[in-house]
There are 2 protein chains.
Amino acid sequence: MMSVTIKDVAKVANVAPSTVSRVIANNPRISEQTKVKVREAMEQLGYHPNFIARSLANQSTQVIGLVTPGSSDVFFQNPFFPTVLRGLNEGAHEHQYALQLVTGKSEDDIYNGVVQMVQGGRVDGVILLYSKVEDRIVTYLQERNFPFVMIGKPYKMAESITHVDNDNIQAGFDATEFLIGMGHERIAYIGGDKQLVVTVERLQGYKDALAQAGLPYRESYTVHESFLLEGGKDAICALMELPVSDRPTALLVTDDLMSLGVLNTLSELDMTVPEDISMISFNNVLFSEMSRPPLTSVDINIFQLGFEASAQLIKRVEDKSVPHRRVTVPHHIVKRFSTEYVKK
Amino acid sequence: MMSVTIKDVAKVANVAPSTVSRVIANNPRISEQTKVKVREAMEQLGYHPNFIARSLANQSTQVIGLVTPGSSDVFFQNPFFPTVLRGLNEGAHEHQYALQLVTGKSEDDIYNGVVQMVQGGRVDGVILLYSKVEDRIVTYLQERNFPFVMIGKPYKMAESITHVDNDNIQAGFDATEFLIGMGHERIAYIGGDKQLVVTVERLQGYKDALAQAGLPYRESYTVHESFLLEGGKDAICALMELPVSDRPTALLVTDDLMSLGVLNTLSELDMTVPEDISMISFNNVLFSEMSRPPLTSVDINIFQLGFEASAQLIKRVEDKSVPHRRVTVPHHIVKRFSTEYVKK
DNA sequence: TAACATTTTGTAAGCGTAAACAAAATCGCA
DNA sequence: TGCGATTTTGTTTACGCTTACAAAATGTTA
């Protein structure tokens with residue numbers, strides 16, 4: 001499958017290969033006249049530049065590597081993923097970058113994948129779609145001084161890592177305040193894995209809001225479960241073991257998927273939302289509005305998280321000297337039908 | 001960021017660059033002795049092969065291009081996507097291939113993206129994650145004789161296109177038969193876009209099953225809507241306009257997402273599933289079991305679709321002469337709680 | 001041990017493009 | 001018209017690797 005090369009074009013246009021190369025780059029040092037001539041030849045031959053050769057000469061590929069958490073299987077399932085991908089995609093596309101996935105099953109697999117990508121020169125930069133405690137990949141990238149950005153808040157050294165994130169403390173605060181504003185005083189927090197920075201931060205916001213309203217924080221009102229469906233179930237059962245008069249009148253659930261589990265469990269227990277108990281969720285993914293009742297949810301602008309991440313990374317790739325920064329993507333509460341004023 | 005090259009290794013190991021190259025390829029014409037020597041040098045220097053250079057010399061990149069339908073935004077949303085991606089990922093990973101997304105918003109964008117990828121030598125092959133009528137991309141790839149496989153059934157020339165698909169006629173048949181087996185005789189078909197081959201095929205299976213059972217096929221029992229949520233709503237409203245005694249006792253819905261819409265609409269109309277009406281769905285994505293009631297759904301093995309697609313493509317890439325073939329991924333009905341025997 | 005077969009390693013060209021440097025063409029102005 | 005300044009184009013090397021071909025080293029046999 002011998003392709004048309006720059007040399008073929010040069011021959012047809014009767015110029016040197018370098019001239020053709022310059023025409024492609026639209027170098028101003030080539031006269032309009034020959035530019036036209038060369039372009040005609042390109043057209044005629046159906047020339048398309050070879051990215052690989054260009055990459056080798058340039059030492060740059062125009063490709064961004066996407067790194068998913070070790071348990072990619074689970075991650076892919078979360079509706080967060082498609083949306084953030086859409087954002088990444090659009091951000092990359094705007095600057096003519098392509099996206100490549102680091103494939104791998106185990107944690108080790110992924111690590112090696114990243115190393116190969118980076119050392120192999122396959123990508124110009126890398127985006128981490130997660131943030132976790134003690135990440136070898138982060139360490140590796142930092143040591144090599146390789147451009148990367150992270151979605152979420154770095155576990156440490158946040159000042160020296162460009163990252164895109166929500167203000168999750170504020171989001172937790174706002175959601176809690178929203179419930180308090182509806183008269184709720186017994187509000188439970190159902191969060192995901194405590195290892196995740198996001199869980200901790202939203203919890204902080206929750207506590208802050210309680211404190212500001214003069215409401216007590218109770219250990220028994222916070223439950224941590226995995227982000228999966230079952231997580232929701234287990235969480236709710238734990239809460240329902242409390243004496244009736246002590247049960248929460250509202251729930252703060254940090255993930256829509258978990259919320260769905262909670263909803264189902266509640267309905268099994270013959271409790272209706274929002275009549276018996278109010279519920280505010282996070283992320284506002286597609287099916288927040290597909291559940292019954294549709295969920296009031298904190299929209300964290302997932303698309304934008306992805307979009308900004310791409311934009312920031314490309315900025316770093318093209319100029320390594322730009323200072324590290326944090327981009328905060330705004331959030332807002334989308335009110336639907338899972339929240340109601342508390343009954344007096 | 002001058003990296004360690006094959007030459008550096010050669011110097012340290014005191015051999016020629018070509019020898020190093022051969023050691024990397026584990027060429028049997030190199031003695032074990034020098035292999036060890038060279039590997040030590042590689043280790044010592046922290047050598048990693050440069051994929052780009054290798055690609056250029058090899059004329060192969062070990063990268064697979066993934067093409068989403070023009071409306072990628074919508075496609076990403078469908079829970080089909082993450083699962084098929086997981087399968088693709090795993091299939092590719094097994095053979096050390098990476099996945100690259102064709103980015104683009106409009107149909108034209110995507111087309112150009114594919115052309116660039118292909119002509120630019122960025123990818124060794126391409127997987128189309130959809131099947132549609134009159135596709136320029138298919139035409140283009142065929143003209144260039146570029147390796148590709150399709151997920152779904154090609155609109156035409158299916159014999160000359162390697163593709164991975166379910167037996168959707170059979171699946172439609174089985175689902176319908178399942179309902180008939182529960183005593184249902186008035187069964188409605190709610191399908192997606194008629195342009196999609198899959199919709200047409202499942203409808204065919206539905207008709208076949210009715211015919212075999214001696215049940216009449218009625219035009220008024222088939223509704224076609226988009227795959228989105230609202231599709232489900234509109235569809236159900238149309239059916240509910242029929243006289244009571246004529247209303248279906250069971251529904252066949254060709255997509256889980258639509259099913260969810262149907263469920264919600266039904267509940268708004270105070271009809272309960274499966275007591276008032278039974279329902280069987282397709283695809284069995286994550287939230288088939290998250291809905292209330294959990295959906296009986298035809299599992300089409302989405303993961304496997306992806307996995308096989310990768311495997312088949314890689315086979316073609318590595319040997320262009322393998323004959324085109326169709327891979328049929330099996331399906332099976334997962335019984336949950338949305339189907340019940342008809343009341344006499 | 002000579003003569004040749006076989007195994008192992010080295011030399012060099014090429015993959016398609018970019019860009020530094022060199023050469024040629026054009027221009028302006030005296 | 002001629003000469004330097006400027007614009008335009010050409011020559012060549014480099015990017016890091018693979019591989020055909022050439023050369024050297026080793027082994028085999030009489």
R54(B) side chain near dG16(D) phosphate (N/O to OP1/OP2, under 4.0 Å): no

Between dC15(D) atom C1' and N50(B) atom CG, what is the distance in whole Å? 8 Å

Which atom pair, heavy atoms only, marks the closest approach of T61(A) to G121(A)? CG2-O, 3.0 Å

Could you tell me the separation between the OH atom of Y47(A) and the C1' atom of dG16(C), rounded to a whole number of Å? 7 Å

In this structure, how many angstroms lie between the P atom of dT18(D) and the CG atom of N26(B), rounded? 13 Å

R136(A) bridged to E107(A) by N-O distance under 4.0 Å: no

Rounded to the nearest angstrom, tell me the gap between atom NZ in K7(A) and atom P in dT12(D). 13 Å

Please give me the minimum heavy-atom distance between V329(B) and N166(B), naming the atom from each residue. O-ND2, 3.1 Å

Where the side chain of S310(A) meets the backbone of L88(A), is there a donor-acceptor pair that is under 3.5 Å apart? yes

Of the listed nucleotides (dT19(D), dC15(D), dC15(C)), which one gets closest to any side-chain atom of Q59(A)? dC15(D)

Contact letters for nucleotides 4-11 of chain D, in which S counts primed atoms plus P, OP1 and OP2 and B counts the base, heavy atoms under 4.0 Å: ----SBBB

Residues, nucleotides or ligands: over 12 heavy atoms within 6.0 Å of Y155(B) OH: no

Could you check Y130(B) against D135(B) for side-chain hydrogen bond (donor to acceptor under 3.5 Å, both in side chains), going step by step and ending with a plain yes or no? CA-CA 10 Å; Y130(B) 64 93; D135(B) 191 351; 2.8 Å; yes

Rounded to whole Å, how long is the line connecting atom CG of L45(A) with atom P of dG16(C)? 14 Å

Give the rounded distance in Å between these two atoms: CG of L56(B) and P of dG16(D). 12 Å

Nucleotide dG16(D), atom C1' - distance to CD1 of I24(B) in whole Å: 10 Å

For S21(B) and dT18(D), is the shortest distance between a side-chain N/O and OP1 or OP2 below 4.0 Å? yes

Take a 6.0 Å sphere around NZ of K37(A) and say whether it holds more than 12 heavy atoms from other residues, nucleotides or ligands. yes

Take the protein atom CD1 of I52(A) and the nucleotide atom P of dG16(D), then report the distance between them rounded to whole Å. 15 Å

